[in-house]
Amino acid sequence: MKVQALFKKAGSAPAKTAGAKKTTKKSPAPAKPTSGKTSGGWLGSASSSIDLDKWYGPDRKLFLPSGLLDRADVPEYLNGTYAGDYGYDPLGLGKDGGVEKYREPELLHARWAMLFTAGAIIPEGLAANGADIKGATWFETGAAMLDGNTLNYFVVPFANIPNPLPLPAIVAIQVALLGGAEYFRRNGTGPAGYSPGVGKFDESVFDGVDPLHPGGPFDPLGLADDPEVFAELKVKEIKNGRLAMVAALGFFIQALVTKEGPYANWSQHVADPFGYNLLTILASDDRAPVL
């Protein structure tokens, strides 16, 4: 089988009729793969146990229960086509093609936020529990390197891997790698290469793929082999991504107010929930001024 067959030219969600009125008839499930390959789904859940009508189409879940929100009040352009569409758009940003316009930046920011929140909590948590990580608090990492230190990559539970590169070299490498990846993504192209679970591939595998969900070499575990599992994973991704964006904003505000990282804030709150929380911090004279 050609590598190109691994790519999905899937849209943003299983097909639904835009603006359809509520009906008792269930929407048809997406077609199963015809390659003969079966998939256990994500964490072993089979597609037969997935109810996509909860997440897509006119009968999907909305941001308020039926007693508080009439489905007739949901804007027509929020028709359940996209993953994570709960009918919520108080500012009307989705009008005149806004749904399609903002879907890409929302998903990209969501993915970056998930990476950031994990990268902010994990090193700080490891350092608090004995790992030798310089600049473990996320807003102190750059300052630690500017002071002449280098970063240690802590490979749990094996060892510390020293990084001899200075900050300018790391910044240059990151700009080159991320800039190249973004260039290929924007142009819908890519270089030939190798991916575990896929093998070698050439540039042609990137022709005509969905830029937000390209699949192929970017899905070595085959999580999207089953189209129904794939549709459900899109919902999970955007839900977790939105939560991560809110969490990232919270990390910034906490850093400004407490001058501590998220792990330190969390551990102090868990140790003394009533003595260390939002109200006690705002009422304290020891907090860092932010205005």
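All values derive from a computational prediction rather than experimental measurement.
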Would you say that [X] contacts [Y] through its side chain, given a criterion of any heavy-atom pair below 4.5 Å between the two side chains?
| X | Y | answer |
| --- | --- | --- |
| Val99 | Leu78 | yes |
| Ser204 | Phe206 | no |
| Thr141 | Glu124 | no |
| Arg60 | Lys54 | no |
| Phe184 | Pro191 | yes |
| Val270 | Trp266 | yes |

Can you classify the ring geometry of Phe251 versus Phe116 as parallel (below 30°), tilted (30 to 60°) or perpendicular (above 60°)?
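It falls in the tilted class, 30° to 60°.
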In terms of heavy-atom contacts, does [atom1] of [X] have more than 12 from other residues, nucleotides or ligands at under 6.0 Å?
| X | atom1 | value |
| --- | --- | --- |
| Asp73 | CG | yes |
| Lys101 | NZ | no |
| Tyr183 | OH | no |

According to salt bridge (Lys or Arg N to Asp or Glu O under 4.0 Å), who are the partners of Glu106, at least two apart in sequence or on a separate chain?
Arg103, Arg242
Given the rule in the salt bridge (Lys or Arg N to Asp or Glu O under 4.0 Å) test, do Lys234 and Glu237 qualify, once you have shown the distances and angles that lead to the verdict?
CA-CA 5 Å; Lys234 288 181 181 180; Glu237 179 185 37; over 6 Å; no
Contact summary for [X] and [Y], nearest pair of heavy atoms:
| X | Y | value |
| --- | --- | --- |
| Ala136 | Ala127 | CB-CB, 3.4 Å |
| Asp85 | Thr81 | OD2-N, 4.3 Å |
| Tyr56 | Ala83 | OH-CB, 3.4 Å |
| Tyr82 | Glu100 | OH-CG, 3.1 Å |
| Trp138 | Ala255 | CZ2-CB, 3.9 Å |
| Thr117 | Ala247 | CG2-CB, 4.0 Å |

Looking at the rings of Phe218 and His213, which for Trp means the six-membered one, are their centres under 6.0 Å apart?
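No, too far apart.
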For Phe63 and Tyr86, I'd like to know if the aromatic rings sit close, meaning centre-to-centre distance below 6.0 Å.
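No, ring centres 6.0 Å or more apart.
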Taking a hydrophobic cluster as the set of Ile, Leu, Val, Met, Phe, Trp and Tyr residues connected by side-chain heavy atoms closer than 4.5 Å, whether directly or through intermediates, do Phe139 and Met245 fall within one such cluster?
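Cluster IDs for Phe139 and Met245 differ.
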Same cluster (ILVMFWY, side-chain, under 4.5 Å), Val175 and Leu178
no
What's the separation between atom [atom1] in [X] and atom [atom2] in [Y], rounded to the nearest 0.5 Å?
| X | Y | atom1 | atom2 | answer |
| --- | --- | --- | --- | --- |
| Arg111 | Met114 | CZ | CE | 7.0 Å |
| Lys61 | Trp55 | NZ | CH2 | 4.5 Å |
| Gln268 | Tyr276 | CD | OH | 4.0 Å |
| Asp202 | Asp207 | CG | CG | 8.5 Å |

Any chance you could lay out the side-chain contact (heavy atoms from CB on, under 4.5 Å) test for Thr189 and Glu203, step after step, and finish with the verdict?
CA-CA 7 Å; Thr189 61; Glu203 298 90 341; over 6 Å; no
Any donor-acceptor pair under 3.5 Å linking the side-chain atoms of Tyr77 with those of Asp89?
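Side chains of Asp89 and Tyr77: pair found under 3.5 Å.
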